[in-house]
Amino acid sequence: MALSIRAFAPGDEQAFRELNEAWITRYFEMEAPDVAILNDPKGLILDPVGHVLIAELDGASVGTCALVAMPKDTFEVVKMAVAESQRGKGIGRELMAAVVETARRVGAKRLHLETNSVLEPAIRLYESFGFVRVAANSEFRRADVAMEL
């Protein structure tokens with residue numbers, strides 16, 4: 001098992017979309033902001049100084065996570081996904097570690113994320129990195145938990 005985590009590159013658009021659509025449609029429904037960001041990660045994440053990471057296992061894209069620039073040296077952690085068949089192998093933990101390190105490297109003072117209380121394994125992962133719950137105020141109907149680091 002050769003896991004690597006790298007920056008988004010041209011050609012990763014389909015993997016980014018498919019990995020995220022899989023978890024969103026499994027638990028919820030796609031919302032307008034999902035469609036927009038999944039259709040244009042370069043324009044909506046990368047161009048405004050954000051970052052998208054791709055986890056590869058033996059050459060196949062099996063996970064992704066992004067950092068969207070916000071005001072006041074804050075980044076929002078968005079679109080964290082690991083392929084269903086690859087869950088439980090520590091890929092999410094490696095992705096989150098890489099996201100936190102990327103945020104530190106670019107000078108982020110705070111990380112923010114939004115999730116849903118049914119995604120308990122994800123919440124436990126975030127808490128293990130030091131994220132704490134804050135008041136939720138999201139554009140997503142499904143987001144009932146907000147956290148910050």
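Residue numbers count from 1 along this sequence.
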Pairwise side-chain contact, Glu56 with Leu3, heavy-atom cut-off 4.5 Å (strictly under):
no

Is it true that the side chains of Thr115 and Arg142 contain a donor and an acceptor less than 3.5 Å apart?
no

If you measure only the distance, is there a donor-acceptor pair under 3.5 Å linking the side chains of Glu76 and His112?
no

Whether the side chain of [X] engages the backbone of [Y] through a donor-acceptor N/O pair (distance < 3.5 Å, no angle test) should be reported.
| X | Y | result |
| --- | --- | --- |
| Glu31 | Arg141 | yes |
| Asp73 | Ala108 | no |
| Arg87 | Val82 | yes |
| Glu13 | Gly11 | yes |
| Asp58 | Ala2 | yes |
| Asp40 | Gly43 | yes |

Look at the aromatic rings of His51 and Phe75 and report parallel, tilted or perpendicular, splitting at 30° and 60°.
tilted

For the residue pair Ala98 and Ile5, what are the closest heavy atoms and their distance?
CB-CG2, 3.8 Å

Distance-minimising heavy-atom pair for Glu21 and Leu38:
CG-CD1, 3.9 Å

Is any side-chain N of the basic residue among Arg17 and Asp12 closer than 4.0 Å to the acidic one's carboxylate O?
no

